[in-house]
Amino acid sequence: MKSPEHVRRVISALRKEGPDKLQVVSDFDMTLSRFGFNGRRCPTSHNILDNSQVISEEGRKKLKDLLHYYYPIEIDPNRTMEEKRPLMVEWWTRAHGLLLQQKILKRDIAKIVEESEVMLRDGVNTFFDQLHQHNIPLFIFSAGVGDILEEVLRQAKVFHPNVNVMSNYMDFDDKGVLRQFKEPLIHTYNKNGSVLEKTDHFQQLSSRTNIILLGDSMGDLSMADGVANVENILTIGFLNDKVDEQRGKYRDAYDVVLEKDETLDVVNGILCYIL
Ligand code: TMP
Ligand code: MG
């Protein structure tokens with residue numbers, strides 16, 4: 001923490017004002033899902049599709065090449081978000097273009113997720129269950145693939161009615177074959193007012209002016225931009241990769257930074273204290 005005093009003050013305010021004023025906004029990939037396990041990377045929602053049997057070998061190779069080219073740009077601490085933005089649009093557009101060339105069927109999604117190596121962070125059940133029990137809305141704002149991440153949550157039995165998702169959704173034709181991705185395209189660095197205009201989610205929650213925001217990217221910090229009249233916000237950032245290079249930036253930007261922590265224990269501890 002850059003300022004433990006600030007964190008203490010915000011947590012006290014969240015506790016004092018109680019669950020009726022609170023909402024949680026979270027990223028999905030590498031925030032609610034694990035970054036690594038036993039020294040191996042865990043898949044993002046895109047990777048779940050990319051690595052599945054339904055993708056041809058050639059398609060898989062091309063998607064992997066894109067990942068190896070663009071991911072280092074995504075997390076490069078020496079480039080600004082403005083510089084990265086057009087390159088992220090390029091990545092997402094090319095990746096989605098490749099996925100459209102494959103025969104992806106709606107009815108295969110459950111199996112694709114079942115057979116994947118996706119893992120959610122330790123403590124994820126406690127996290128979702130606490131929010132559900134206290135009727136606290138959880139808004140998952142993801143640049144991943146909505147259909148896939150919803151299925152991950154469903155299979156983990158945590159997709160409770162208090163959870164809403166904004167993400168890239170697939171559009172299937174009447175035979176259930178993927179034909180395009182729905183607009184707007186969400187990438188790592190446009191998770192802000194520019195795409196939030198397309199939803200009235202936050203307008204419906206106008207009395208919930210206290211926020212806990214969870215993310216793993218610098219682009220996740222603007223995810224709660226659609227909330228009018230924020231009174232107290234606690235931002236918690238998972239620093240998964242290039243820890244030494246990114247530490248300074250993350251500490252300046254997030255109230256709490258968790259380095260290489262594959263659990264939701266800190267978040268659960270805070271929730272347990274304030275609820
Ligand atoms: P998010 O966690 O901010 O929602 O972003 C989604 C992640 O998905 C981001 O870190 C990059 C990753 N990604 C892939 O792994 N494969 C892809 O093809 C694309 C477009 C993104
Ligand atoms: Mg993420």
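Side chains are part of it too, since the values below use all heavy atoms of this structure and drop only hydrogens, waters and symmetry mates.
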Check for a donor-acceptor pair, side chain of [X] on one end and backbone N or O of [Y] on the other, with a separation under 3.5 Å.
X	Y	answer
Arg85	Thr80	no
Gln246	Asp241	yes
Tyr189	Glu74	yes
Arg8	Ser3	no
Ser56	Gly59	yes
Asn164	Phe139	no
Tyr250	Asp216	yes
Asp29	Ser45	yes
Gln23	Leu138	no
Lys157	Asn125	no

Closest heavy-atom pair and its distance - [X], [Y]:
X	Y	value
Asn135	Arg208	O-NH2, 3.3 Å
Ala224	Ile211	CB-CD1, 4.1 Å
Thr31	Ser26	CG2-OG, 3.7 Å
Val54	Ile104	CG2-CG1, 4.3 Å
Gly123	Asn268	O-ND2, 3.0 Å
Pro184	Asn168	O-OD1, 3.7 Å

Find out whether [X] and [Y] are in side-chain contact, i.e. whether some heavy atom of one side chain is under 4.5 Å from a heavy atom of the other.
X	Y	value
Leu32	Asp27	no
Leu131	Asn162	yes
Phe159	Val152	no
Phe28	Val165	no
Asp255	Ile236	no
Met170	Phe181	yes
Ile140	Met166	no
Arg94	Tyr70	yes

Under 6.0 Å from the [atom1] atom of [X], do we count more than 12 heavy atoms belonging to anything else shown?
X	atom1	value
Asp252	CG	yes
Lys260	NZ	yes
Tyr71	OH	yes
Lys249	NZ	yes
Gln53	CD	no

Report summary line: The residue among Phe35, Phe238, Phe37 that forms side-chain contact (heavy atoms from CB on, under 4.5 Å) with Glu262 is Phe35

Report task. Would you please test Asp200 and Gln204 for side chain to side chain contact (heavy atoms under 4.5 Å, CB included) and show each step? Result -> CA-CA 7 Å; Asp200 62 353; Gln204 294 174 15; 3.3 Å; yes

Nearest 0.5 angstrom please: [X] [atom1] to [Y] [atom2], how far?
X	Y	atom1	atom2	value
Met223	Thr235	CE	OG1	10.0 Å
Thr93	Met88	OG1	CE	11.0 Å
Leu271	Ile136	CG	CD1	6.5 Å
Leu49	Ile109	CG	CD1	7.0 Å
Ser33	Asn47	OG	CG	9.5 Å
Ile112	Arg107	CD1	CZ	11.0 Å

Query - Evaluation steps, side-chain hydrogen bond (donor to acceptor under 3.5 Å, both in side chains), between Tyr169 and Glu183 - result: CA-CA 8 Å; Tyr169 280 91; Glu183 295 281 328; over 6 Å; no

Query raised in the report: With a 3.5 Å cut-off and no angle check, do the side chains of Asp220 and Ser217 form a donor-acceptor pair?
Result: no

**Report entry** CA sep, side-chain torsions, deciding dist, call: Asn192, Asp225, side-chain hydrogen bond (donor to acceptor under 3.5 Å, both in side chains)
**Finding:** CA-CA 6 Å; Asn192 53 33; Asp225 274 7; 5.7 Å; no

Query raised in the report: So Asn229 and Thr209, side-chain hydrogen bond (donor to acceptor under 3.5 Å, both in side chains) or not? Walk me through it.
Result: CA-CA 6 Å; Asn229 310 317; Thr209 49; over 6 Å; no

Query raised in the report: How far apart are the C-alpha atoms of Ile48 and Thr44, what are their side-chain angles, what is the distance that settles it, and do they pass the side chain to side chain contact (heavy atoms under 4.5 Å, CB included) test?
Result: CA-CA 6 Å; Ile48 292 173; Thr44 62; over 6 Å; no

Presence of salt bridge, [Y] and [X], under 4.0 angstrom:
X	Y	value
Arg179	Asp173	no
Arg60	Glu57	no
Lys62	Glu58	yes

Query raised in the report: Can the positive tip of Arg15 be found less than 6.0 Å from the middle of the six-membered ring of Tyr273, inside 45° of the ring normal?
Result: yes

Query raised in the report: Using 30° and 60° as the class limits, which term best fits the ring planes of Phe128 and His160: parallel, tilted or perpendicular?
Result: perpendicular

Query raised in the report: Taking the inter-plane angle between the rings of His46 and Trp92 on a 0 to 90° scale, is it parallel (under 30°), tilted (30 to 60°) or perpendicular (over 60°)?
Result: perpendicular

**Report entry** Test salt bridge (charged side-chain N to carboxylate O under 4.0 Å, His left out) applied to Glu231 - qualifying residues, sequence neighbours left out
**Finding:** Lys21

Report summary line: Contacts of Arg247 meeting salt bridge (charged side-chain N to carboxylate O under 4.0 Å, His left out) (sequence neighbours excluded), chain-then-number -> Asp244, Glu259

Requested in this report: Could you walk me through whether Ile212 and Leu214 pass side chain to side chain contact (heavy atoms under 4.5 Å, CB included), step by step?
Outcome: CA-CA 7 Å; Ile212 295 178; Leu214 311 176; 4.0 Å; yes

Query raised in the report: Stepwise, does the side chain to side chain contact (heavy atoms under 4.5 Å, CB included) test hold for Asp50 with Lys64?
Result: CA-CA 8 Å; Asp50 302 351; Lys64 202 146 269 160; over 6 Å; no

Query raised in the report: Considering the options Arg40, Arg41, Arg34, which one meets the side-chain hydrogen bond (donor to acceptor under 3.5 Å, both in side chains) requirement together with Glu117?
Result: Arg40

